[in-house]
**Q** 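Input: one structure, supplied below.
Here, residue 1 is the first one in the sequence, and each next residue gets the next number.
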Amino acid sequence: MSVSHPRASRIAVLGTSLVQQNHIGNETSLATSARGWMSWAEVLSHGRLSCPVHHDPSAPHGWEPGNRPGVSRFFSGLNFGVSGQKAIEIERRLPHLLQSNFDLIVVDAGTNDMMVETRQTIAGTRARIALALLAAGKTVILLPILARGIEKWPAGGAERAKAHWINRQSIEFAASHANCHVFDWNSAWLDPQSEFGEPYAGYSNDGTHFSVQGGFAVGKLLADYLGTIVPRASERILARDDRFDPVNNPLGNLASDLSARTTTEGEQQSHRLGGKLVHPGVGVWVEAICDIDVPAHEGVFGITLRLNDVAPEGQETIALGPFRADDGTIFPFPDTEWKGALRTPPLKLRPGDTEPELYLDVILRPGSRPLGIDVSRIDVRPVSSPVRA
């Protein structure tokens, strides 16, 4: 079967920690991460692109981050990234992930093999992964091996030469297989002035993984790239009378206020959005989305949309959760103007009758000038259960 028009709302991503880190979860929350390139592609596409995930504390064998038995990613859905995995381990997970519903998949594999496998072995496993996905009727977007800093790959070392060879093999593979393409994330990541092919300063937190600025740069490029592959969607318009009604409009908007202007003057502030939300019922899944217009500002460390279930065992879901280092340091956002749509993962309402709450959380560098943000088309509504029957 050939897939000619992949759905923009069902983008899958497969790979290592470079993929898994698009989302972060624990026992009580699930967030798209501000360091995530797919997270930013969703935002900067104004919500047209979507890699849906939902909270799941299970730890199926072969899906444990770092191969630590019993450790959970705390989410399921179309993010198929597992940190620490080599290409052969990613290949072994294909039968499981092919049970999911998607048309297009972005594939990262081989970065964790570079110091232990030959270039031929890595390229061969990447090709087998792509062939299996193509045979299942999926459109495949191959990601090259991502360049690393010299603290991870020595200057002039074999890993850099192997990466260039493997990446050329991927280009040739895609050119000879229908529905297979290459998205070169290195073109937004790699500093062309670097003698040793390192990422731009500030784009990585450790020479391997993404910081917020690196995720933003790659996500912006990916949003433009996927815009040429998936169909364009209609403009997201909210009718003011599209309100929740348990009888006649059970999928209607739970928010009463559809726009807001927030100004943050302190180091960290939370702004209540959407007015008083309607409670649609226990067990209902809900998600929130809003458009946002952010001016250039040199002191931004976080802009987060947070949907909170205030029930005793309630959870929260977050769009663009701040990226913090192990010591608590928060990585800055790019000092540039941007517009997009923030969408939370879906949230299942727990027993209780208090209305959920929606917040825009803003974190600024201490002493920064005020930041004004325009928020519009605030939409909080019930959605179908994302859990497979």
**Q** Looking at Arg35, is its backbone amide N or carbonyl O close enough to the side chain of Ser39 to form a donor-acceptor pair, meaning the two atoms are under 3.5 Å apart?
**A**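 It does not hold such a pair.
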**Q** How about CG on Asp353, more than 12 heavy atoms from neighbouring residues, nucleotides or ligands closer than 6.0 Å, or not?
**A**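 No, because the 6.0 Å sphere around CG of Asp353 holds 12 heavy atoms or fewer from other groups.
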**Q** Could I get the full list of salt bridge (charged side-chain N to carboxylate O under 4.0 Å, His left out) partners for Glu337, not counting sequence neighbours?
**A**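 Not a single residue meets the salt bridge (charged side-chain N to carboxylate O under 4.0 Å, His left out) criterion with Glu337.
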**Q** Mark yes or no for whether Thr16, through its side chain, and Gly84, through its backbone, hold a donor-acceptor pair below 3.5 Å.
**A**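 It does not hold such a pair.
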**Q** Does NZ in Lys86 sit with more than 12 non-hydrogen atoms of other residues, nucleotides or ligands closer than 6.0 Å?
**A**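 Open: at most 12 neighbouring heavy atoms sit under 6.0 Å from NZ of Lys86.
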**Q** Transitively linked via ILVMFWY side-chain contacts under 4.5 Å: Leu254 with Ile318?
**A**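 No, because Leu254 and Ile318 fall into different hydrophobic clusters, even though each may have its own neighbours under 4.5 Å.
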**Q** Taking salt bridge (Lys or Arg N to Asp or Glu O under 4.0 Å) as the criterion, tell me which of Arg236, Lys339, Arg343 meets it with Asp291.
**A**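 Considering Arg236, Lys339, Arg343, a salt bridge (Lys or Arg N to Asp or Glu O under 4.0 Å) with Asp291 is found only for Arg236.
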**Q** If you take all heavy atoms of Glu27 and Gln315, which pair is closest and at what distance?
**A**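 Heavy-atom minimum between the residues: O-NE2, 3.1 Å.
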**Q** Looking at every non-hydrogen atom in both residues, tell me the closest pair between Trp153 and Ala147 and how far apart they are.
**A**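 Heavy atoms of Trp153 and Ala147 come nearest at CZ3-CA, 4.3 Å.
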**Q** What heavy-atom pair brings Ala325 and Phe331 nearest, and what distance separates the two atoms?
**A**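 That would be CB-CE1, 3.8 Å.
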**Q** Please confirm whether the backbone N or O of Glu316 pairs with a side-chain atom of Asn308, one donor and one acceptor, at under 3.5 Å?
**A**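 Absent.
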**Q** Closest heavy-atom contact between Pro356 and Leu307?
**A**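 For Pro356 and Leu307, the tightest heavy-atom pair comes out as CB-CD1, 4.5 Å.
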**Q** Do Trp189 and Phe210 make the cut of ring centroids closer than 6.0 angstrom?
**A**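 Distance test on ring centres: under 6.0 Å, yes.
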**Q** So Leu349 and Val286, side-chain contact (heavy atoms from CB on, under 4.5 Å) or not? Walk me through it.
**A** CA-CA 8 Å; Leu349 296 176; Val286 296; 4.2 Å; yes
**Q** Counting neighbours of CZ on Arg232 that are heavy atoms of other residues, nucleotides or ligands and sit closer than 6.0 Å, is the number greater than 12?
**A**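 Atom CZ in Arg232 is not crowded, with 12 or fewer foreign heavy atoms closer than 6.0 Å.
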**Q** Under the side-chain contact (heavy atoms from CB on, under 4.5 Å) rule, what do Met38 and Asn79 come out as? Steps first, then yes or no, please.
**A** CA-CA 9 Å; Met38 189 63 213; Asn79 181 337; over 6 Å; no
**Q** Distance-only, no hydrogens or angles: does the Lys220 side chain make a donor-acceptor pair with backbone N or O of Ala188 under 3.5 Å?
**A**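 Here the side-chain-to-backbone pair does not exist.
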**Q** Output yes when a side-chain donor or acceptor of Arg10 lies under 3.5 Å from a complementary backbone atom of Asn101, and no otherwise.
**A**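 The answer is yes, because a donor-acceptor pair under 3.5 Å joins these two groups.
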**Q** Within the distance-only criterion (no hydrogens, no angle test), does the side chain of Ser385 pair as donor or acceptor with the backbone N or O of Val387 below 3.5 angstrom?
**A**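 Yes; judged by distance alone, with no hydrogens or angles, the pair exists.
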**Q** Is there a donor-acceptor contact under 3.5 Å from the side chain of Arg126 to the main chain of Ala109?
**A**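 Here the side-chain-to-backbone pair exists.
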**Q** Among Arg381, Arg377, Arg240, which residue meets the side chain to side chain contact (heavy atoms under 4.5 Å, CB included) test with Asn253?
**A**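 The single option meeting the side chain to side chain contact (heavy atoms under 4.5 Å, CB included) with Asn253 is Arg381.
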**Q** Might you point out which heavy atoms bring Leu14 and Val19 nearest each other, and give the distance in Å?
**A**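 Residues Leu14 and Val19, closest heavy atoms: O-CG2, 3.5 Å.
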**Q** How are the rings of Tyr203 and Tyr200 set to each other: parallel, tilted or perpendicular (split at 30° and 60°)?
**A**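 Tyr203 and Tyr200: tilted rings.
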**Q** Just do the side-chain contact (heavy atoms from CB on, under 4.5 Å) check on Arg119 and Ile166 with the steps written out, would you?
**A** CA-CA 6 Å; Arg119 68 181 192 274; Ile166 293 165; 4.2 Å; yes
**Q** Report the hydrophobic cluster partners of Val53, with the cluster defined as I, L, V, M, F, W, Y residues connected by side-chain heavy atoms closer than 4.5 angstrom, directly or transitively.
**A**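 ILVMFWY cluster around Val53 also holds Leu30, Phe75.
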**Q** Would a single hydrophobic cluster contain both Leu371 and Trp338, if residues Ile, Leu, Val, Met, Phe, Trp and Tyr are joined by side-chain heavy-atom contacts under 4.5 Å?
**A**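 Linked within one cluster.
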**Q** Kindly say whether His23 contributes a backbone atom to a donor-acceptor pair with the side chain of Arg73 at under 3.5 angstrom?
**A**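 Checked: no pair found.
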**Q** Do Pro154 and Glu159 make a side-chain contact, defined as non-hydrogen atoms from C-beta onward lying under 4.5 Å apart?
**A**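 Yes; the side chains approach each other to less than 4.5 Å.
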**Q** So does Gln99 have more than 12 non-hydrogen atoms from other groups sitting under 6.0 Å from CD?
**A**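 Atom CD in Gln99 is crowded, with more than 12 foreign heavy atoms closer than 6.0 Å.
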**Q** Quick one: do the His209 and Ser17 side chains pair a donor with an acceptor below 3.5 Å?
**A**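 Yes, because at least one side-chain N or O of His209 sits under 3.5 Å from a partner of the opposite role on Ser17.
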**Q** Flag yes if Phe216 and Leu222 sit in one hydrophobic cluster, no otherwise; membership is Ile, Leu, Val, Met, Phe, Trp, Tyr, and two members link when side-chain heavy atoms are under 4.5 Å apart.
**A**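 No; Leu222 is not reachable from Phe216 via cluster members.
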**Q** I'd like to know if the side chain of Arg148 reaches the main chain of Thr111, judged simply by a donor and an acceptor atom lying under 3.5 Å from each other, with no hydrogens or angles considered.
**A**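 Here the side-chain-to-backbone pair exists.
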**Q** Count I, L, V, M, F, W, Y as connected when their side-chain heavy atoms are under 4.5 Å apart, and connections chain through other members. Are Leu226 and Leu44 then in the same cluster?
**A**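 No.
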**Q** Considering non-hydrogen atoms only, spot the tightest contact between Leu221 and Asp184 and give its length.
**A**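 Heavy atoms of Leu221 and Asp184 come nearest at CD2-O, 4.1 Å.
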**Q** Can you establish whether the number of heavy atoms outside Asp326 located under 6.0 Å from its atom CG is more than 12?
**A**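 Incorrect, the count does not exceed 12.
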**Q** Under the criterion side-chain contact (heavy atoms from CB on, under 4.5 Å), I'd like the reasoning laid out for Ile229 against Ile141: C-alpha separation, chi angles, the key distance, then a yes or no.
**A** CA-CA 10 Å; Ile229 294 176; Ile141 310 295; 3.7 Å; yes
**Q** Phe244 and Trp285: same hydrophobic cluster, using ILVMFWY side-chain contacts below 4.5 Å?
**A**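 The answer is no; the residues belong to distinct hydrophobic clusters.
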**Q** Can the ring centres of Phe333 and Trp40 be said to be less than 6.0 Å apart?
**A**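 Yes: the rings meet the under 6.0 Å criterion.
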**Q** For Leu18, does its backbone N or O pair with a side-chain atom of Trp37 as donor and acceptor, under 3.5 Å?
**A**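 Confirmed, Trp37 side chain pairs with Leu18 backbone.
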